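Naming: A, B, ... by sequence-line order, numbering from 1 per chain. Quick caveat: nothing in here was measured; it's all calculated off a predicted structure.
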Number of protein chains: 2
Amino acid sequence: MKATQQLRSDCPINYMVELLGDKWSLLIVRDILLAGKNFYGDFLASEEKIATNILSSRLVSLEEKGIITKKKDPENGTKFIYSLTPKGVALTPIFVEMMLWSAKYHAVPPERAAVVYRAKTDKSRLILEIQQSLSGSAKQVF
Amino acid sequence: MKATQQLRSDCPINYMVELLGDKWSLLIVRDILLAGKNFYGDFLASEEKIATNILSSRLVSLEEKGIITKKKDPENGTKFIYSLTPKGVALTPIFVEMMLWSAKYHAVPPERAAVVYRAKTDKSRLILEIQQSLSGSAKQVF
């Protein structure tokens with residue numbers, strides 16, 4: 001959160017909502033957190049088809065809010081690697097609960113069945129593994 | 001979700017995000033789920049100051065998506081009581097995790113300290129109590 005930005009209230013739910021309460025920010029965080037994506041082109045290629053102008057503005061906003069960080073790709077100086085900060089990695093339990101809720105009310109596609117099953121049967125360890133993998137090298141959970 | 005509406009993908013995170021991934025929908029659900037609010041005027045009075053046209057459209061959308069339900073107030077035929085459906089009540093773990101995440105990165109106001117403390121120390125029971133209170137008579141957790 002930029003110091004110049006005023007929150008509408010001090011409610012803890014509102015804090016999360018003001019930082020991340022839009023659909024595209026949530027999907028970008030999902031891409032990094034669960035799908036092991038780290039590049040602009042990877043986010044653009046996601047099934048939900050984010051528009052380039054929205055993607056660019058959301059990446060700037062997520063960086064300003066301390067959720068993601070970017071650094072130059074050492075293998076290609078013209079590309080940036082986007083990663084979650086510790087504050088971003090700490091969102092993992094929220095995303096796992098979102099997955100569990102959706103799985104109750106909407107058919108889980110076959111390629112996501114394994115991770116949903118793990119979330120149902122072994123939630124704490126799954127959360128820990130995701131967080132460890134994000135703190136080290138990126139790993140694809142989805 | 002209306003049958004006529006197409007989801008952008010089958011990803012379980014996307015499902016939740018398409019149903020609830022906007023700031024005002026999340027705050028209305030918070031009002032019912034944690035603050036024991038059930039009336040239009042109560043939502044309007046919340047600190048974040050939702051505009052009347054946005055509130056009206058979000059209530060319709062949340063009802064269409066099966067998250068909330070409305071019925072006439074038996075004590076006042078001109079008013080509606082808005083409640084969470086079982087699908088809405090099932091969002092509780094997501095909101096409790098949102099609260100815990102925010103509490104890590106933003107000062108908790110004194111009036112929310114007790115519920116945040118319970119979320120930290122006794123999460124499963126807090127979730128159960130919220131869900132039970134929502135299934136019966138409304139109870140204020142915040």
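- A donor-acceptor pair is defined here as one N or O able to donate and one able to accept, closer than 3.5 Å; no such pair exists between the side chain of B:Trp101 and the backbone of A:Pro12.
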**Study point:** A:Ile13/B:Leu34 under side chain to side chain contact (heavy atoms under 4.5 Å, CB included): CA gap, chis, key distance, verdict
**Key:** CA-CA 10 Å; A:Ile13 300 293; B:Leu34 293 167; 3.9 Å; yes

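- Using a 4.5 Å heavy-atom threshold, the side chains of B:Asp22 and A:Asp22 count as separate.
- In summary, of the residues considered (B:Asn14, B:Leu7, B:Leu19), a side-chain contact (heavy atoms from CB on, under 4.5 Å) with A:His106 occurs for B:Leu7 alone.
- Using a 4.5 Å heavy-atom threshold, the side chains of A:Cys11 and B:Met99 count as separate.
- Considering all non-hydrogen atoms of both residues, A:Ala90 and B:Tyr105 come closest at CB-OH, 3.5 Å.
- A:Phe43 and A:Val60 are not part of a single hydrophobic cluster, where members link through side-chain heavy atoms under 4.5 Å apart.
- Taking CE of B:Met16 as the start and NZ of A:Lys23 as the end, the distance is 13.5 Å to the nearest 0.5 Å.
- Counting only heavy atoms from C-beta outward, the side chains of A:Met98 and B:Leu20 never approach each other to under 4.5 Å.
- Residues B:Leu100 and B:Val29 are members of one and the same hydrophobic cluster, defined by side-chain heavy-atom contacts under 4.5 angstrom among Ile, Leu, Val, Met, Phe, Trp and Tyr.
- The closest side-chain heavy-atom distance from B:Leu27 to A:Val17 is below 4.5 Å.
- By the salt bridge (charged side-chain N to carboxylate O under 4.0 Å, His left out) test, A:Arg8 pairs with no residue at all, sequence neighbours left out.
- With a 4.5 Å cut-off on non-hydrogen atoms, A:Leu91 touches chain B through its backbone and its side chain both.
- Cluster membership for A:Ile127 and A:Ile94, using ILVMFWY side-chain heavy atoms within less than 4.5 angstrom, is shared.
- There is no path of hydrophobic side-chain contacts, each under 4.5 Å, that joins A:Val96 to A:Leu128.
- Residue with the most contacts toward chain B among A:Glu48, A:Glu47, A:Lys49: A:Glu48 (heavy-atom pairs, distance under 4.5 Å).
- Side-chain heavy atoms closer than 4.5 Å link hydrophobic residues (I, L, V, M, F, W, Y) into clusters, and following such links, even through other members, never connects B:Leu55 to B:Phe39.
- Within residues 68-82 of chain B, no residue has a heavy atom under 4.5 Å from a heavy atom of chain A.
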